[in-house]
Protein chains: 2
Amino acid sequence: MSDAALWSALADPHRRAIVALLLERPRPVGEIVEACGLSQPGTSKHLKVLREAGLVRVRQDAQRRVYALDPAPIAALDAWLAPYRRLWNSSLDALGRRLDETSDDSDDRRESLTPKD
Amino acid sequence: MSDAALWSALADPHRRAIVALLLERPRPVGEIVEACGLSQPGTSKHLKVLREAGLVRVRQDAQRRVYALDPAPIAALDAWLAPYRRLWNSSLDALGRRLDETSDDSDDRRESLTPKD
DNA sequence: CAGTTATATGCCTGTCAAGGAATGCAACCC
DNA sequence: GGGTTGCATTCCTTGACAGGCATATAACTG
């Protein structure tokens, strides 16, 4: 459910840009406005979406609101991605074979499953 | 650029469901229609979006079109995710400290960077 | 060739999200 | 306290997208 919020939050390029900005360091809204070239209200709205998706957190510093990334939702994305890793960890040939055979689903015997990093 | 197509393709829950279906094995359209409970035209349109995002490939088998996952775009997602991994590999305390200090960016000394698997 | 199966495309409508402009609100400064 | 700074919220308009129905297209069947 909040899965949907996460994906649709990240579907917007401006919001991905904001997230990337916040990866470097937490920033107040003004800085984000300047960086992403949107109007201040527009930026605030994007921040609200990110907030409601749980992707960012706010800390109040006088009149400023300093936004920072929350790792959890991105970790959730990583978890979503996990089952797909075998697709490119195993040789692409395997996919080709599946395309050809469509029936042999017992090919758990893959290459070496070496962690990609 | 095609990055945008990838994200917006995956932003839709039905399309994520289709992608998950195709992770198990390639499937003809009919099967996908049945599985995701949409009309056949609706399903076909989702498949078109996935196709144009590069997420799936089609193989023609008589009158059938068998769809299969293409690993590349999902790998791209994984690559996008990579810079964020440090966020949850390192202790969450580190994030807390950044929230408090906002200036000390030289905290490359993290915990153990143990691969999450 | 006529009919059927399997999929794609077009058209239409309702919904929703993005972005701008104006305004509201809270905390600071003199 | 009055003005200012920093951000959020509201209203509005416009454009994009989802989903249904009808229809086109392509390949198989007899």
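Every heavy atom of this structure was used, including side-chain atoms; hydrogens, water molecules and symmetry mates were not. Lettering follows sequence order; numbering is per chain, from 1. Keep in mind that this is a model prediction, so the values were computed, not measured.
A pairwise comparison of heavy atoms in B/P28 and B/R64 identifies CB-CD, 3.9 Å as the closest pair.
Aromatic ring orientation, B/W7 versus A/W7: tilted (interplanar angle from 30° to 60°). Ring planes of A/H46 and A/H14: tilted class, angle from 30 to 60°.
For B/Q40 against C/dA6, no side-chain N or O and base N or O form a donor-acceptor pair under 3.5 Å.
The separation between A/R27 atom CZ and D/dC7 atom P is 13 Å, rounded to whole Å. Atom-to-atom, CG of A/L10 to C1' of C/dA17 comes out at 16 Å; the value is rounded to the nearest Å. Separating the CG atom of A/D12 from the P atom of D/dC17 is a distance of 12 Å, rounded to the nearest angstrom. The distance from atom CG of A/L38 to atom C1' of D/dA8 is 15 Å, rounded to the nearest whole Å. Between the CZ atom of A/R59 and the C1' atom of D/dC7 there is a distance of 16 Å, rounded to whole Å. To the nearest angstrom, P of D/dA16 lies 18 Å from NE2 of B/H46. What separates NZ of B/K45 from C1' of C/dA6 is a distance of 17 Å, to the nearest Å. Taking atom CG of A/D61 as the reference point, atom P of D/dT5 lies 18 Å away to the nearest angstrom.
Within the 4.0 angstrom heavy-atom criterion, only backbone atoms of the sugar-phosphate kind lie near B/G30; the bases stay farther away. If you check every strand for non-hydrogen atoms under 4.0 Å, A/K48 touches sugar and phosphate atoms only. Across all strands, B/S44 comes closer than 4.0 Å to base atoms (heavy-atom distances).
In terms of phosphate contacts, A/S39 brings a side-chain nitrogen or oxygen within less than 4.0 Å of OP1 or OP2 of C/dG20. Distances shown here put every side-chain N or O of A/R65 at or beyond 4.0 Å from the OP1 or OP2 atom of C/dA27. OP1 or OP2 of D/dA8 sits under 4.0 Å from a side-chain N or O of A/Y67.
Which of D/dA8, C/dA8, D/dC7 sits closest to the side chain of B/R51 comes down to C/dA8.
Between the CG atom in B/L87 and the CG atom in A/D78 there is a gap of 11.5 Å [rounded to 0.5 Å].
In summary, of the residues considered (A/V29, A/L50, A/L55), a side chain to side chain contact (heavy atoms under 4.5 Å, CB included) with A/Y67 occurs for A/V29 alone.
The residue among A/Q60 and A/P41 whose nearest nucleotide of DNA chain C lies closer to the 5′ end is A/P41.
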